[in-house]
There are 2 protein chains.
Amino acid sequence: MHGSTTIKDIARAAQVAPSTVSRALRADRRISGETTALILRLSEEMGYTPSLTARHLVTRQTNTIGLVISSVSDLFVADVVIGVEQEARLHGYSVFLISSYRNAGLEADAVRSLHERRTDGIIVTGSSIDEGYLARTDPTAQPVVLINCPNYPYSISTDNLAGARDAVTHLVRLGHRRIAYLANPGSHQANLARAEGCRATLAFHALAPDPDLTVMGDGTLAGGKAAAQRLLALPQPPTALFCFNDMMAVGALCALHEAGLAVPADCSVIGFDDLELAAYCCPPLTTVLQDGEQLGRQAMGMLFRLIQGEENVSPVVLPATLVVRETTGPVPAGAGRGKGVIAA
Amino acid sequence: MHGSTTIKDIARAAQVAPSTVSRALRADRRISGETTALILRLSEEMGYTPSLTARHLVTRQTNTIGLVISSVSDLFVADVVIGVEQEARLHGYSVFLISSYRNAGLEADAVRSLHERRTDGIIVTGSSIDEGYLARTDPTAQPVVLINCPNYPYSISTDNLAGARDAVTHLVRLGHRRIAYLANPGSHQANLARAEGCRATLAFHALAPDPDLTVMGDGTLAGGKAAAQRLLALPQPPTALFCFNDMMAVGALCALHEAGLAVPADCSVIGFDDLELAAYCCPPLTTVLQDGEQLGRQAMGMLFRLIQGEENVSPVVLPATLVVRETTGPVPAGAGRGKGVIAA
DNA sequence: TTGTAGGCGTTATCAT
DNA sequence: ATGATAACGCCTACAA
């Protein structure tokens, strides 16, 4: 970077003022075709690359937004990223991606660093801070849009509650009474909503809650497998597993398989997200679809409006849709006997 | 960002010169403890956030590197990203991530935009341009490190050839004669090397190559499934599938399953990457391990040395290790009859 | 149609 | 120990 060509170098070579070069480069119609052509040719020959940094200092906008995610190794997050990037490109924005690794400290660092970079706005998904962003009342601060944090005024969320409700209702209708929830406290808000949807649905059907049937995971394959194994070791194991996401569901499927249990004959499984992978499981995974790309696009759309100064934006909630494939089936005959919750 | 506090504002409030504030903020020992404390307190109170943009303009370095990837929705790439970020943090660098979506035009755009941002260096993985970067002899340009492009002088690669060789050798020893390669031309260099490893190994064992047994995919689940289906429709289908990556292998597994074929009894399958997912397949996937995180870390390490001005760096090749799980087994009895390549 | 001058927020080089 | 001044590369009135 030491000696990269500047606008002044070109000005000197073209025997014009720097401002003329600046204008010609940005296709200002006031500059004559001749000089414009000369300047274009020269800047090509001299290998000129504009310095966005310098430009930003004077225009006071970076045309860049920050996107804070938990980690790139989460396929659902990947869809969100793609959606944000698509929409950003549409508006002429670049995206600066930072991973928080589900760590509140790193998330705060990430946001601070984005402020220092003077990005025009910030999108945070899977936040550990959540409404902490509300405290930032400084009007000079960048607007922040949150994904899956419906209490925050500028947010786009999936209807996690309804998604969980539909999933569990589906299981109840199939006759299941002992339904487990494989949680992921790492995704705070989404997890709360799905847990609540599960709880409420069980209550609605007069099924007593069993604390043993909620077991913690971390949204990964390994976490899902471990959680399922703990469940299977219970004196009275569940007949159906509702998992925080598809990855945990695949992990659970693996545990079931290793335990010699057939799906769905011996145990039903439902995931969440509807990753492409869900359709490729053996058997194909019943799951709840949430549209990550759409979430991302809408978040970027909202952020753009916020950047433009629009104030009257309100939270958006996108639907979650149950997709029934082949990991759910009738409750196995004989289940629910003994000290079953209902029979008891 | 309109009215964010600047160093000048603090200087005015503290009754000192801007340069004093600048020094105090960076803990310059020449500034007295008193004034330093005052300035620190003030900058806290006034909500000061330094402008990296402005700082960069004068220091001529951004402490940021660019990372161009194919897409975040590739789990192997995710590992590389994590490795790069880890190592970058170690050296005090941030990472600007851009997706090229396996499109040469977008890749060129990405690199140009990184130049405009004056990142200190660039890492490209899964490049469509490859040795095109060699043309950039401009000494003022940023150093570029390529991942999995071993012909480029500044590169970190997996030993794709050896990995493919080991995989195919494993199949041959199990008695397979009709071994298919599910390719991914999108990852140009890696694909070439794995195809060649496959071809050479077959030749070494005096197995005639059959063009029908190389079929194109795109590295995705859908691509792998479609490729496998085409293979199964052959008059004399293969008894083993060597796939460009694990995702294609999972897709192939799905196709096999739908076709009513057992794995490995009727057909063996090998993947590449050894994603966490590989161990969670049913049955667990035999695959070739390549360490994405390590690839990323080493790439960032090499880039750092390049940025420091070291010139005597040479390409690095990391090992690929066959991991035998349960999708590979002896060739099915009766296979290879009819117009089999060997028998013919 | 083009040139001049000032400034964006920061650091660095002299001074003092 | 601190201040004044001049950059860094670019843009934008305002002049001409």
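A, B, ... follow the sequence lines: proteins, then strands. Residue 1 opens every chain.
Remark: the B:Thr59 side chain and the C:dA12 base include no donor-acceptor N/O pair separated by less than 3.5 Å. Applying the 3.5 Å distance criterion, the base of C:dT4 shares a donor-acceptor pair with the side chain of A:Ser19.
Of the candidate nucleotides C:dT2, D:dT2, C:dG9, D:dT2 has the atom lying nearest to any side-chain atom of B:Thr35. Picking from C:dT2, D:dG9, D:dG3 the nucleotide with the shortest atom distance to the side chain of A:Ile31 gives C:dT2. Nearest to the side chain of A:Arg30, among D:dG9, C:dT2, C:dC8, sits C:dT2.
Using a 4.0 Å cut-off, no side-chain N or O of B:Ser51 falls inside it from OP1 or OP2 of C:dT10. Phosphate contact (OP1/OP2 of C:dA12, side-chain N/O of B:Arg26, threshold under 4.0 Å): present. For A:Thr20, a side-chain nitrogen or oxygen approaches OP1 or OP2 of C:dG3 to under 4.0 Å. The side chain of B:Arg118 places no N or O atom within less than 4.0 Å of a non-bridging phosphate oxygen (OP1 or OP2) of D:dC8.
Taking atom CZ of A:Arg117 as the reference point, atom P of C:dG9 lies 18 Å away to the nearest angstrom. Going from atom CZ of A:Arg55 over to atom C1' of C:dG7 covers 17 Å, rounded to whole Å. When rounded to the nearest whole Å, the span between CD of A:Glu116 and P of C:dT11 equals 11 Å. When rounded to the nearest whole Å, the span between NE2 of A:His56 and P of D:dC11 equals 10 Å. To the nearest angstrom, P of C:dG9 lies 8 Å from CG of B:Asp9. Rounded to a whole Å, the CZ atom of A:Arg23 is 13 Å from the P atom of D:dC14. Rounded to whole angstrom, the span from the CG atom of A:Leu25 across to the P atom of D:dC10 amounts to 9 Å. One atom, CG of A:Leu57, and another, P of C:dG9, lie 7 Å apart when rounded to the nearest Å.
No engagement by B:Pro18 is indicated, since no non-hydrogen atom pair under 4.0 Å with the nucleic acid exists.
Take the nearest nucleotide of DNA chain C for B:Ala54 and for A:Ser32: the residue whose nucleotide is more 5' is A:Ser32. Where B:Ala17 and A:Thr6 meet DNA chain D, the nucleotide closest to each residue was compared, and B:Ala17 sits on the side nearer the 5' end.
With no hydrogens or angles considered, no side-chain donor-acceptor pair links B:Ser22 and B:Ser19 at under 3.5 Å. Side-chain contact of B:Thr62 with B:His56: a donor-acceptor pair under 3.5 Å is absent, judged by distance alone. Of the N and O atoms on the side chains of A:Thr158 and A:Gln290, at least one donor lies less than 3.5 Å from an acceptor on the other residue. Using modelled atom types, one finds no donor on one side chain facing an acceptor on the other under 3.5 Å when comparing A:Ser51 with B:Glu116.
Counted within 6.0 Å of CD on B:Gln308, heavy atoms from surrounding residues, nucleotides or ligands total more than 12; the atom is thus considered enclosed.
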